[in-house]
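A short write-up of the structure that comes next.
Numbering of residues begins at 1 and proceeds along the displayed sequence. Below, each value reflects all heavy atoms present in this structure, side chains not excepted, and no hydrogens, waters or symmetry copies.
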Amino acid sequence: MENRLFDTTVQKLKYEVIKELIIAYDNGLDNSIFHDIPIKIMPGPHASLRCCVYKERAILQERLKLAMGGDKQNPNVVEVIDIACDECPVDGIFVTPACRGCISHRCIEACPKNAISIEDKHAVVDKSKCIECGKCTQACPYNAMILQKRPCVLSCKANAIKVNADKKAEIDTNKCVGCGACVYQCPFGAISDKSYILDTLDIIKNSENNTKYKVYAIIAPSIVAQFNYARIEQVITGMQRLGFHQVVETALGADLTLNEEADEIKEKGTLTTSCCPSFVKYVQINFPDLYKYVSHTPSPMVMAGKLIKAMDPTAKVIFVGPCTSKKFEYKLDIAKDYIDCVISFEELQAFLDARGVDVSTLPDTSLDNASYYGRIFARSGGITEGVKALAAERGFEARPIAMSGLDECRKQLTLLKVHKSSFNFFEGMACDGGCVNGALCLHHGPKSLTDVNKYGEMAKEKTVDNSVKLYKMATGKDDND
């Protein structure tokens, strides 16, 4: 089944570890899992991915620790598996065989630190002097010099990853925004997210079949682009088989967020979204003077949880989504009273398979409790489309822009900072393309965007009105609040 689902072998390994951990949980966990599970996944005797099967198993032991919650002393939801981080080249300027030993020596002239010399008619870089400015790479007429960086460093648009003295990747928690780009981009799977699947299993088990309290799953709208071997309605049935009392669309919370953000921009004049916690953290760290523009409205995840807890105060709410970002958000003060745990699409697939639930064989369970606008929050531009429509209805002008990925966010926020932006509403998404390309999606690509658009068009509700009415009824608010 996994061949139809995952982009990479790294994802498959993560899935296998989570699946086996869940099976072990059902049979009674003990320390034997650190011996048995790695051998089951990598039986040997020959290695298939690393230098030897013993190293493969040692890395799987570290993956098991992350699957069980990771280092409790490390507040970051993303961790580096040191033993797996040893194959990438060291960063820096690399001279390729394309160097022709020319006599113009433009690379030497371009270098501001005199770090380049010619030896045996070949450019040589002194790493102790090189500042990796890249000027030599631009000057070389043969493109023979390249600035070589590790994939994790290149993927991190928050500049939170560096290579330490031991040549291992190191994450600066003070800069990290939890987007998880490094998790998906590391070719060796040396950077991974912590899993809270054991917490989820405990919540469901302790509910005693939803008799002590009811367990709700709220699913991110990007889920429709993930389980490509079954209908979303079958996935909902499968989740109920796992023990969830009810599955609710996070898009319902998106309706509520959209409604309140539309009122905020009308009142304040300039606003950025609060839906992507990694974007919010990026603003907080890199543009602190613009943090005042971040919407005070909770994210769709939190709003959906807030609605469920208003209707059922004893409920437990578990978010199922595409990103590491939500894994750190649910522990923040703004979310901790409304969200009890977070798991990823990868972990949901492992959960289904560990329990032997083949959703492709199940009947449908209808899911229609959100609007068109709430559902398209999953892709870049969805929020701006909704805000523009609500602004027109409410008689004010919204000039929104969708910022897809942190590079675009940095560019537009810089313009706002120097008062050169023509926009007054800024939709920020840390992931390129939006949540449909979250780091913990099963797969990524253009089809995901198409699936989300189709899902939005299938919504019976075309406005947020019914969602807002339901929220006001549940929370006891009225139009004057």
Side-chain angles (χ1 to χ4, degrees), residues 1-22 41 63 66-67 77-78 155 179-187 189 191-197 200 217-239 241-242 244 247 249-251 318-327 342-362 367 375 377-379 429-455:
M1 176 178 292
E2 50 268 37
N3 288 337
R4 288 183 284 165
L5 286 172
F6 303 112
D7 289 340
T8 70
T9 301
V10 171
Q11 290 174 288
K12 182 180 176 182
L13 280 174
K14 288 174 62 181
Y15 155 85
E16 291 285 355
V17 169
I18 296 291
K19 183 180 72 172
E20 294 302 329
L21 178 63
I22 295 170
I41 296 175
R63 291 195 184 283
L66 282 172
V77 74
V78 176
S155 69
C179 67
C182 55
V183 173
Y184 181 67
Q185 293 297 337
C186 176
I191 305 178
S192 191
D193 55 300
K194 296 175 180 177
S195 175
Y196 304 117
I197 191 66
T200 294
I218 54 175
I219 54 171
S222 50
I223 195 172
V224 298
Q226 295 301 300
F227 296 83
N228 53 17
Y229 61 93
R231 297 182 296 277
I232 182 60
E233 293 83 2
Q234 292 176 302
V235 177
I236 303 309
T237 306
M239 294 179 70
R241 297 279 176 94
L242 295 176
F244 291 103
V247 180
E249 292 186 84
T250 307
I318 297 172
F319 176 81
V320 183
C323 62
T324 60
S325 188
K326 294 299 182 183
K327 288 189 175 186
V342 170
I343 63 173
S344 68
F345 294 148
E346 292 174 338
E347 290 158 350
L348 175 59
Q349 182 65 63
F351 195 179
L352 290 165
D353 291 345
R355 293 281 172 87
V357 180
D358 182 356
V359 296
S360 66
T361 66
L362 300 179
L367 184 71
R375 287 181 171 181
F377 261 53
R379 49 91 167 164
M429 294 280 195
C431 296
D432 291 329
C435 304
V436 291
N437 285 320
L440 306 185
C441 284
L442 303 179
H443 54 83
H444 306 70
K447 185 178 181 297
S448 299
L449 176 61
T450 302
D451 288 341
V452 167
N453 286 335
K454 288 180 179 178
Y455 186 53

- Query: Can D193 and K14 be said to form a side chain to side chain contact (heavy atoms under 4.5 Å, CB included), step by step?
  - Reply: CA-CA 10 Å; D193 55 300; K14 288 174 62 181; 2.8 Å; yes
- Message: Is there a side chain to side chain contact (heavy atoms under 4.5 Å, CB included) between L352 and L242? Walk through the geometry before answering.
- Response: CA-CA 7 Å; L352 290 165; L242 295 176; 3.6 Å; yes
- Can you check side chain to side chain contact (heavy atoms under 4.5 Å, CB included) on I41 and K19, steps first, answer last? CA-CA 11 Å; I41 296 175; K19 183 180 72 172; over 6 Å; no
- Task: Could you give me the CA-CA distance, side-chain angles and deciding distance for F345 and V235, then say whether side chain to side chain contact (heavy atoms under 4.5 Å, CB included) is met?
- Result: CA-CA 11 Å; F345 294 148; V235 177; over 6 Å; no
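The side-chain heavy atoms of L440 and K327, taken from C-beta on, include a pair separated by under 4.5 Å. At a threshold of 4.5 Å between non-hydrogen side-chain atoms, the residues R375 and V224 do not count as touching.
Although no hydrogens or angles enter the test, the distance criterion places no donor-acceptor pair under 3.5 Å between the side chain of Q349 and the main chain of E346. Of the possible donor and acceptor atoms, none in the side chain of S344 sits under 3.5 Å from a partner among the backbone N and O of G321. In terms of modelled atom types and a separation under 3.5 Å, the side chain of N437 and the main chain of C431 share no donor-acceptor contact. Judged purely by atom type and a 3.5 angstrom limit, R63 uses its side chain to pair as donor or acceptor with the backbone of G189. Between the side chain of D7 and the backbone N or O of H444 there is at least one donor-acceptor pair closer than 3.5 Å. Remark: the backbone N or O of P221 is not paired with any side-chain donor or acceptor of E249 at under 3.5 angstrom.
Annotation: the span from T324 atom OG1 to I191 atom CD1 amounts to 11.5 Å, rounded to 0.5 Å. With rounding to the nearest 0.5 Å, the separation of CD1 in I223 from CD1 in I236 is 5.5 Å. Between the CG atom in L442 and the CD atom in E347 there is a gap of 10.5 Å [rounded to 0.5 Å]. The CG atom of L348 sits 9.5 Å away from the CG atom of D353 when rounded to the nearest 0.5 Å. Taking CG of L13 as the reference point, atom CD1 of I18 lies at 12.0 Å (rounded to 0.5 Å). Separation of atoms CZ (F377) and CE (M429) is listed at 7.5 Å; rounding is to 0.5 Å.
Aromatic ring pairs are classed by plane angle as parallel below 30°, tilted from 30° to 60° and perpendicular above 60°; the pair F351 and F244 is perpendicular.
Scanning both residues, R231 and L362, for their nearest heavy atoms gives NH2-O, 4.5 Å. In plain terms, the two heavy atoms of S360 and Q234 that are nearest each other are O-NE2, 3.1 Å. Of all the heavy atoms in A439 and A181, the pair that sits closest is CB-N, 4.4 Å. When every heavy atom of A217 is checked against every heavy atom of V320, the shortest pair comes out as CB-CG2, 4.5 Å. The shortest heavy-atom contact between P187 and V10 is O-CG2, 3.8 Å. When all heavy atoms of V17 and A67 are compared, the closest pair comes out as CG1-CB, 4.0 Å.
No option in I219, I343, T250 other than T250 meets the side chain to side chain contact (heavy atoms under 4.5 Å, CB included) test with F319.
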